There are 2 protein chains.
Amino acid sequence: MKRYAGRVTTIELLPVIDAAACCAPLTRETIPAEQASSLAHSLKALADPTRLRLISIVAASEGQEACVCDLTEPVGLSQPTVSHHLKILVDAGYLTRSKRGTWSYYRLVPGSLDAVAGLLVTA
Amino acid sequence: MKRYAGRVTTIELLPVIDAAACCAPLTRETIPAEQASSLAHSLKALADPTRLRLISIVAASEGQEACVCDLTEPVGLSQPTVSHHLKILVDAGYLTRSKRGTWSYYRLVPGSLDAVAGLLVTA
DNA sequence: CCAGTTCATTGAAGTTTGTCAATGAAGAGA
DNA sequence: TCTCTTCATTGACAAACTTCAATGAACTGG
C-alpha cells in the first residue's frame with residue numbers, strides 16, 4: 001500500500017495567518033502530523049519561482065496592488081498560467097483578490113509572509 | 001514550447017544559508033528570476049509534511065541529532081523513503097549527516113531555518 | 001446591441017515528486 | 001570468515017504539478 005501525504009485524513013487547510021496563530025516554532029518540540037501538513041501546504045504555495053516573483057511584484061507595485069495584465073509580461077508566462085498561480089496564492093492566504101470592473105487586483109495580505117517565517121524561526 | 005521552472009538555465013543551487021547571504025527580503029523590490037529559483041528551491045525542500053517532521057524530530061532529539069533508525073517509526077514510512085527525504089534536506093542545507101560506525105546521524109544546521117525565514121519576512 | 005478587453009476555468013500533455021520493494025555497501029560481533 | 005544490522009541507491013509506479021490553447025463569463029465603449 002502506498003501512502004501519500006495529506007491523502008489519508010481530510011484536514012482543513014487554513015490560510016497562513018490562521019495556521020500560524022496557534023503553533024510553536026518547528027524546532028522546540030516534535031511537530032504533530034496535522035500541523036506539519038498545514039505548514040507544508042503553506043510553504044508549497046510559496047515554493048515556486050513564478051509565485052515568489054508574483055508576490056514580489058505585487059508587493060513592490062504602485063499602491064501595493066497589481067492586476068493580471070500587469071503580471072503576465074514580467075513573469076513571461078501565459079495569462080491562464082498566471083491566473084492559476086495567483087489562485088494558489090489567494091487560496092493559501094498570501095494574496096487577496098478584488099474585482100473592479102473588468103480587472104482583478106491582487107494585494108499582499110499584510111503579515112502573511114511574517115506568519116510563515118515565524119513558524120520556521122528557531123528562537 | 002513548454003517552459004518549466006529552473007530548466008531553462010543551469011543555475012547553481014546553493015544551500016540555504018548561502019542563498020540568504022546576499023539578498024533583500026521578498027517584498028522590498030522585485031526579486032530577480034535567479035534569486036526566485038534559488039529561494040523556491042530552498043522552500044521546496046521544506047514544503048513536505050514528512051520533511052518538516054523529520055527536521056522537527058531531529059532538532060528536538062537528545063543531543064540534537066538522530067539516526068535513520070530513530071526516524072522511520074515516528075514518521076511511519078519505509079527506511080528508503082526516509083533516507084530519500086533526509087538527502088533532500090541535506091542537499092538543501094538544512095541538515096548535516098555524519099557517519100559513525102554503521103549509523104548515520106543527522107543534525108540541524110544552525111541558522112538554516114532562520115536564513116529562509118529572514119528572506120520571507122516583510123520588515 | 002456589438003466588438004473588444006480582461007480574466008477564470010477546462011482539458012490535455014509532459015515533468016516532477018513521493019513512495020515502496022529489491023538490492024548493495026559497509027561496519028559490528030560471533 | 002559469516003551473519004546481522006544500518007543505511008544509501010536503483011527502478012518502478014501513481015499522484016501531483018506546471019504549462020498552454022481553447023473557451024466562456026463579465027464588463028466597457030462605441
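These numbers come from a predicted model, not from an experiment. Each chain gets a letter, A, B and so on, in the order the sequences are listed, and its residues count up from 1.
- Close to D:dA8, at under 4.0 Å from its OP1 or OP2, lies a side-chain N or O of B:Tyr106.
- With rounding to whole Å, A:Arg97 atom CZ is found 12 Å from C:dT6 atom C1'.
- Atom P of nucleotide C:dT16 and atom CG of A:Asp48 are separated by 13 Å, given to the nearest angstrom.
- Taking OH of B:Tyr106 as the start and NZ of B:Lys87 as the end, the distance is 9.0 Å to the nearest 0.5 Å.
- Of all the residues in residues 81-90 of chain A, A:Thr81, A:His84, A:His85 reach under 4.0 Å from DNA chain D with at least one non-hydrogen atom.
- Remark: the A:Ser83 side chain and the A:Gln79 side chain contain an N/O donor-acceptor pair separated by less than 3.5 Å.
- A straight line from CG of B:Asp91 to P of D:dA8 spans 12 Å, rounded to a whole angstrom.
- The CG atom of B:Leu52 lies 5.5 Å from the CG atom of B:Leu46; values are rounded to the nearest 0.5 Å.
- Rounded to whole angstrom, the span from the CG atom of A:Leu95 across to the P atom of C:dA8 amounts to 12 Å.
- The two residues A:Arg53 and B:Thr30 come nearest to each other via the heavy atoms NH2-CG2, 4.0 Å.
- The CD atom of A:Gln79 sits 11 Å away from the P atom of C:dT9 (whole-angstrom rounding).
- To the nearest angstrom, C1' of D:dC17 lies 17 Å from NE2 of B:His41.
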Next on the checklist: Evaluate A:Val75 against A:Ile57 for side-chain contact (heavy atoms from CB on, under 4.5 Å), listing each step before the verdict.
Outcome noted: CA-CA 9 Å; A:Val75 301; A:Ile57 294 169; 4.1 Å; yes
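- Across all their heavy atoms, B:Arg28 and A:Ala60 have their closest contact at O-CB, 4.1 Å.
- Between the side chain of A:Ser56 and the backbone N or O of B:Glu29, at least one donor-acceptor pair lies under 3.5 Å.
- No continuous path of ILVMFWY side-chain contacts below 4.5 Å connects A:Ile88 to A:Leu86, so the two sit in separate hydrophobic clusters.
- Taking every side-chain heavy atom of B:Pro80 into account, C:dA22 is the closest of C:dA22, C:dT19, D:dT18.
- Contact annotation for A:Tyr105: no contact, since no heavy-atom pair falls under 4.0 Å across all strands.
- Between B:Lys44 atom NZ and D:dA16 atom P the separation is 16 Å, expressed in whole Å.
- Distance B:Glu73 CD to D:dC7 C1': 18 Å, rounded to the nearest Å.
- Against DNA chain D, the stretch residues 58-70 of chain B makes heavy-atom approaches under 4.0 Å through B:Cys67, B:Val68, B:Cys69.
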Between protein and nucleic acid, restricted to nucleotides 24-30 of chain D and to nitrogen or oxygen atoms under 3.5 Å apart, what atom pairs and distances do you find?
none

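- Distance check: B:Thr50 OG1 to B:His85 NE2 gives 4.5 Å after rounding to the nearest 0.5 Å.
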Checklist entry - Can you check side-chain contact (heavy atoms from CB on, under 4.5 Å) on A:Leu43 and A:Leu120, steps first, answer last? => result CA-CA 10 Å; A:Leu43 288 169; A:Leu120 296 179; 4.2 Å; yes
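- Following chains of ILVMFWY side-chain contacts shorter than 4.5 Å, one can reach A:Leu89 starting from A:Leu71, so the two form part of one hydrophobic cluster.
- The 5' end of DNA chain C is approached more closely, in terms of each residue's nearest nucleotide, by A:Ser104 than by the other of B:Ala47 and A:Ser104.
- Only one option out of A:Leu108, A:Val16, A:Ile17 pairs with A:Leu113 in a side chain to side chain contact (heavy atoms under 4.5 Å, CB included); it is A:Leu108.
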